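Have a look at the structure below, then the notes.
None of these values were measured; they are calculated from a predicted model. We count residues from 1, following the sequence as given. One-based numbering, in listed order, for ligands and for the atoms of each.
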Amino acid sequence: MQPDIAVTFTGLKFTNPFLLSSAPPTESDSNIMRAFEAGWGGVVTKTIGMHPVTNVAGPKTKFLRSTLDGRLSMQKRPDTALHSSWNWELISDKALDWWIPKIESIKKAYPDRILVASIMAGSGSDKELAHWQDLAKACQAAGADAFELNLSCPHMDRKDMGSNIGKDQEQVSIVTEVVKQVATVPVWCKLTPSTTEIVEEARAAFNGGADAIVSSNTFPSLPLIDPETLEFEMNVDGLVSSGGLGGPAILPQSLAKMSQLTTAFPDKEFSGIGGISTFAHALNYMLLGCGTVQVCTAAMLDRAIGPNVIKALIDDMQQFMEKRGYTSLEQFRGMRRDNVVVHSKIRRPEGKDYRGGFDAEGYAS
Ligand SMILES: Cc1cc2nc3c(=O)[nH]c(=O)nc-3n(C[C@H](O)[C@H](O)[C@H](O)COP(=O)(O)O)c2cc1C
């Protein structure tokens, strides 16, 4: 008998803990249904807003690859390994009205799979805050099983949107509370990693009533400049703006954010994202305390929705559990959370003491 990899997260039953994150793999009903067919336990829709958006002219995403001699470039070359994805894509270019019938038909076809609606609006006025509630009410009436509040899109100029909300503890609390006032399903908050102390934004989200924290969205970054042309490898008319880095490069950084979160709130629920393409990667998030994990870049590069990625994730999790005699994720979730400590708690050679730089002894010899 195969070990049971089903999980319960924020009260919802998932057939497995692997979700497609909000991004191009989840931008349409056909993609989402293909994803469920391929075996993903849940799907977070591409972020839905009230109004259609207009993306930049030209590509919205590219992939940075490295050669063995360390040359990083977005150009397609032989013998390279994936380093990261870089994107400056906005939220869904299809607005709420387009999404509602799609959510209905997805849930009709896959009633047992978890469909999370990612939503986003402004927060600068009561009217804007009411948009969050309009989005939430419409999506849950259509059958969405949970919400993921996008408090983390890194490409918004407006100070009251996306990661600019995610950097403002007061706005994080207000938006979460406003959605909680009307939500009949769990509310997850996807925070930005682009903040000094993510624990404080998470605290604000929990104070507003959040059922879970999701981290990370992409990290702010620039494409590299081509040494031949002296142009950014990704640009429109020579111009670029800060975009989001995802994929393998952000795995260790995102784990550091997640560790801060799960250490600060050991009894709360977390969904981990960032650089996951194999079960070994996902396991890191689970051992730090995550109950589900999400995937974007790896799925984009695997037939748009990751059929091979999800198959390997499921097979390898089952094998891992079977080999170690685990019967549920709960038996190893958080197992390494408390191994991340302050620097002064790390053993010194020959029993020497170090008090974190608080006294002269710490620096001596
Ligand atoms: C092209 C692209 C579009 C994305 N769009 C969204 C979005 O609409 N909403 C959102 O919350 N995250 C969005 N993301 C972020 C991903 O969901 C995910 O958090 C991030 O890519 C890190 O995961 P990864 O390392 O597996 O790519 C997007 C990422 C990419 C690459």
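- With atom 1 (C) of ligand 1 as the reference point, the heavy atom nearest to it among T61, V293, N150 is part of T61.
- A heavy-atom separation below 4.0 Å is found between P24 and ligand 1.
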Problem - side-chain contact (heavy atoms from CB on, under 4.5 Å) evaluation trace for I276 with F18 - result: CA-CA 10 Å; I276 298 173; F18 306 115; over 6 Å; no
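- W188 and F9 have perpendicular rings, their planes meeting at more than 60° on a 0 to 90° scale where under 30° would count as parallel.
- Residue-ligand proximity: S152 is placed with every non-hydrogen atom at 4.0 Å or more from ligand 1.
- Across I273, L90, I276, V44, heavy-atom proximity to atom 22 (C) of ligand 1 is greatest for I273.
- Looking only at distances, no side-chain donor or acceptor of S254 sits under 3.5 Å from a matching main-chain atom of I250.
- Near S21, the atoms of ligand 1 lying under 4.0 angstrom from a non-hydrogen atom of the residue are 16 (C), 17 (O), 18 (C).
- Nearest to atom 15 (C) of ligand 1 among the protein's heavy atoms is N217 OD1, 3.3 Å.
- Among G275, P193, S22, P25, the residue whose heavy atom sits closest to atom 28 (C) of ligand 1 is S22.
- Look at K190 and you'll find a heavy atom under 4.0 Å from some atom of ligand 1.
- Taking any N or O of T47, backbone or side chain, at least one lies under 3.5 Å from an N or O belonging to ligand 1.
- Ligand 1 has S216 within reach: a non-hydrogen atom of the residue lies less than 4.0 Å from it.
- Every pair passing salt bridge (charged side-chain N to carboxylate O under 4.0 Å, His left out) that includes a residue from residues 190-200 is listed here, sequence neighbours excluded: E200-R203.
- By the 3.5 Å distance cut-off applied to N or O atoms, T297 is counted among the residues near ligand 1.
- Y326 and F332 have tilted rings, their planes meeting at an angle from 30° to 60° on a 0 to 90° scale.
- Distances shorter than 4.0 angstrom do not occur between any heavy atom of A298 and any atom of ligand 1.
- In this comparison of E27, H281, K46, the heavy atom closest to atom 4 (C) of ligand 1 sits on K46.
- Panel note: side chain S163, backbone G166; no donor-acceptor pair is recorded below 3.5 Å.
- By the side chain to side chain donor-acceptor pair (under 3.5 Å) test, D226 pairs with Q75, sequence neighbours left out.
- With respect to atom 31 (C) of ligand 1, the closest heavy atom belonging to the protein is N87 ND2, 3.4 Å.
- Taking atom 26 (O) of ligand 1 as the reference point, the nearest protein heavy-atom neighbour is C296 N, 3.0 Å.
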